[in-house]
Amino acid sequence: MSDIAKDKAARLLKKRGSISSLGSHDVKPRGSFSKTKDSVSTVSYIDEPGHHDDIQRPAILVENTYQMGPTKRFPVASVNNILKDVLTSYLQEEKYEAELCRQMTKTISEVIKARVKDLMIPRYKIIVLIYIGQLNDQGMRVGSRCIWDPANDTFSSYSFKNSSLFALANVYGVYYE
């Protein structure tokens, strides 16, 4: 991995809580494999590692609301605009580099999740999935499965393409009773 790509990935992660082993390229082959592989592992955390176990949190008692449906629907059009804006602004001038794109997927997913949460849609869980790949005349199919309520749950999707990479962003809004 080039020093420029390492610096760029480090700058993207500086404000986030992640530790990445961008320089770990000395993995030994396992079993009968004849090729050596580069390895990049990433650990993400919310607080300082190990400190969240020390704090005792009181149990939260929540009363029933008897609300069976959403008061505000998931705004698919607004989320589509967010996806288009974020993917275009982050990836317009980028060239495909595997390590950089690995870090960009995490950064872009966090930015999208924060912007969707800023819409303040009550009682919806937000799930963001980002796929970035090299553009080489190949095809890709993405499938997902879950228990789904078609009356309340929905999703938004946007695909982006430039000269060297493609990206697909999916945001699922799952109503939580």
Side-chain angles (χ1 to χ4, degrees), residues 1-27 29 33-46 72-121 124-146 148 150 153-175:
M1 180 176 189
S2 69
D3 290 335
I4 297 170
K6 284 182 185 177
D7 292 341
K8 194 167 190 176
R11 275 187 273 122
L12 290 172
L13 291 173
K14 191 174 278 188
K15 294 182 182 176
R16 294 185 27 225
S18 291
I19 301 170
S20 177
S21 62
L22 295 174
S24 63
H25 295 290
D26 53 349
V27 174
F33 296 113
S34 62
K35 294 182 182 178
T36 60
K37 293 185 178 183
D38 291 338
S39 172
V40 177
S41 60
T42 303
V43 177
S44 295
Y45 54 89
I46 296 172
K72 181 180 177 185
R73 300 289 300 175
F74 190 80
V76 175
S78 299
V79 174
N80 274 338
N81 290 337
I82 290 171
L83 293 176
K84 182 178 180 181
D85 181 45
V86 171
L87 286 179
T88 304
S89 65
Y90 274 82
L91 299 175
Q92 186 69 41
E93 302 297 323
E94 293 294 327
K95 299 289 181 203
Y96 181 80
E97 292 180 31
E99 282 78 16
L100 177 63
C101 288
R102 184 174 298 172
Q103 298 301 326
M104 290 292 284
T105 57
K106 295 174 185 174
T107 303
I108 290 171
S109 67
E110 288 180 3
V111 168
I112 289 172
K113 189 172 185 179
R115 289 196 46 193
V116 171
K117 282 188 173 186
D118 286 344
L119 296 175
M120 290 192 274
I121 310 158
Y124 273 93
K125 290 195 182 251
I126 309 299
I127 301 158
V128 179
L129 299 175
I130 306 292
Y131 305 94
I132 298 177
Q134 188 174 13
L135 199 58
N136 274 342
D137 297 327
Q138 76 274 20
M140 183 172 116
R141 291 183 185 220
V142 176
S144 60
R145 294 176 65 170
C146 66
W148 194 261
D153 301 338
T154 188
F155 73 97
S156 181
S157 183
Y158 181 75
S159 60
F160 173 83
K161 220 185 264 190
N162 70 10
S163 61
S164 69
L165 61 86
F166 68 90
L168 174 67
N170 292 327
V171 176
Y172 298 94
V174 180
Y175 183 69

Asks: Going by heavy atoms in the side chains, are Leu119 and Val79 under 4.5 Å from each other?
Replies: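 Yes, their side chains come closer than 4.5 Å.
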
Asks: A quick test of your reading: do over 12 heavy atoms of other residues, nucleotides or ligands sit less than 6.0 Å from CZ of Phe166?
Replies: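 Count over threshold, so yes.
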
Asks: Quick check on side-chain contact (heavy atoms from CB on, under 4.5 Å): which of Ile112, Leu168, Asp85, Thr88 does Tyr158 satisfy it with?
Replies: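 Exactly one candidate clears the test, Thr88.
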
Asks: Could you label the plane-to-plane angle of the Tyr175 and Tyr124 rings as parallel, tilted or perpendicular, counting under 30° as parallel and over 60° as perpendicular?
Replies: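 Answer is perpendicular, since the angle exceeds 60°.
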
Asks: Specify the closest pair of heavy atoms between Ala169 and Ile130, including all atoms of both residues, with the distance to one decimal.
Replies: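 Taking every non-hydrogen atom into account, CB-CD1, 3.6 Å.
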
Asks: Which distance, rounded to the nearest 0.5 Å, do you find between the CG of Leu165 and the SG of Cys101?
Replies: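 Atom-to-atom, Leu165:CG and Cys101:SG are 5.5 Å apart.
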
Asks: What are the two closest heavy atoms between Met120 and Lys72, and how far apart are they?
Replies: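 Between these two residues, the closest heavy atoms are O-NZ, 4.0 Å.
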
Asks: Please check if the side chain of Asn162 supplies one atom and the backbone of Glu94 the other of a donor-acceptor pair under 3.5 Å.
Replies: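 Answer holds: yes.
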
Asks: Quick check: do Pro75 and Ile121 have side-chain heavy atoms less than 4.5 Å from each other?
Replies: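 A side-chain contact under 4.5 Å exists here.
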
Asks: Looking at Leu91 and Ala167, what are the two nearest heavy atoms and their distance?
Replies: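 Heavy-atom minimum between the residues: CD1-CB, 3.6 Å.
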
Asks: So Phe74 and Val171, do their side chains get closer than 4.5 Å, heavy atoms only?
Replies: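 Of all side-chain heavy-atom pairs linking Phe74 with Val171, at least one is under 4.5 Å.
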
Asks: So which heavy atom on Leu135 is nearest to which on Lys161, and how close?
Replies: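 The answer is CD2-CG, 3.9 Å.
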
Asks: side-chain contact (heavy atoms from CB on, under 4.5 Å) with Val116: which of Val111, Leu83, Ile82?
Replies: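 Exactly one candidate clears the test, Ile82.
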
Asks: Are any side-chain N or O atoms of Ser164 and backbone N or O atoms of Tyr96, one a donor and one an acceptor, separated by less than 3.5 Å?
Replies: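 Checked: pair present.
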
Asks: List the steps and the verdict of side chain to side chain contact (heavy atoms under 4.5 Å, CB included) for Thr105 and Tyr131.
Replies: CA-CA 7 Å; Thr105 57; Tyr131 305 94; over 6 Å; no

Asks: Using side-chain heavy atoms (C-beta onward) and a distance below 4.5 Å, is Ile132 in contact with Met104?
Replies: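 Side chain of Ile132 against side chain of Met104, heavy atoms only: contact under 4.5 Å found.
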
Asks: What I'd like to find out is whether the side chain of Thr107 reaches to under 4.5 Å of the side chain of Tyr90, using heavy atoms alone.
Replies: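 Sidechains of Tyr90 and Thr107: in contact.
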
Asks: Compute whether any side-chain donor of one residue and acceptor of the other, for Tyr172 and Ser144, lie under 3.5 angstrom apart.
Replies: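 Indeed, the side chains of Tyr172 and Ser144 share at least one donor-acceptor pair under 3.5 Å.
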
Asks: Would Lys84 and Phe160 count as a side chain to side chain contact (heavy atoms under 4.5 Å, CB included) if you check the C-alpha gap in whole Å, the side-chain angles of each, and the deciding distance to 0.1 Å?
Replies: CA-CA 8 Å; Lys84 182 178 180 181; Phe160 173 83; over 6 Å; no

Asks: Taking atom CD1 of Ile126 and atom OG of Ser109, what is their separation to the nearest 0.5 Å?
Replies: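 Interatomic distance, Ile126 CD1 to Ser109 OG, rounded to 0.5 Å: 13.0 Å.
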
Asks: Please determine whether side chain to side chain contact (heavy atoms under 4.5 Å, CB included) holds for the pair Ser163 and Lys95, giving the CA-CA distance in whole Å, both sets of side-chain angles, and the decisive distance to 0.1 Å.
Replies: CA-CA 8 Å; Ser163 61; Lys95 299 289 181 203; 3.4 Å; yes

Asks: Show your working on side chain to side chain contact (heavy atoms under 4.5 Å, CB included) between Arg115 and Val86 and close with a plain yes or no.
Replies: CA-CA 9 Å; Arg115 289 196 46 193; Val86 171; 3.4 Å; yes

Asks: As an exercise, state the distance from CZ of Phe155 to SG of Cys146, rounded to the nearest 0.5 Å.
Replies: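 Reported value, rounded in 0.5 Å steps: 11.0 Å.
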
Asks: Does atom CD of Gln138 have more than 12 heavy-atom neighbours from other groups under 6.0 Å away?
Replies: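 Buried by this count: over 12 neighbours within 6.0 Å.
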
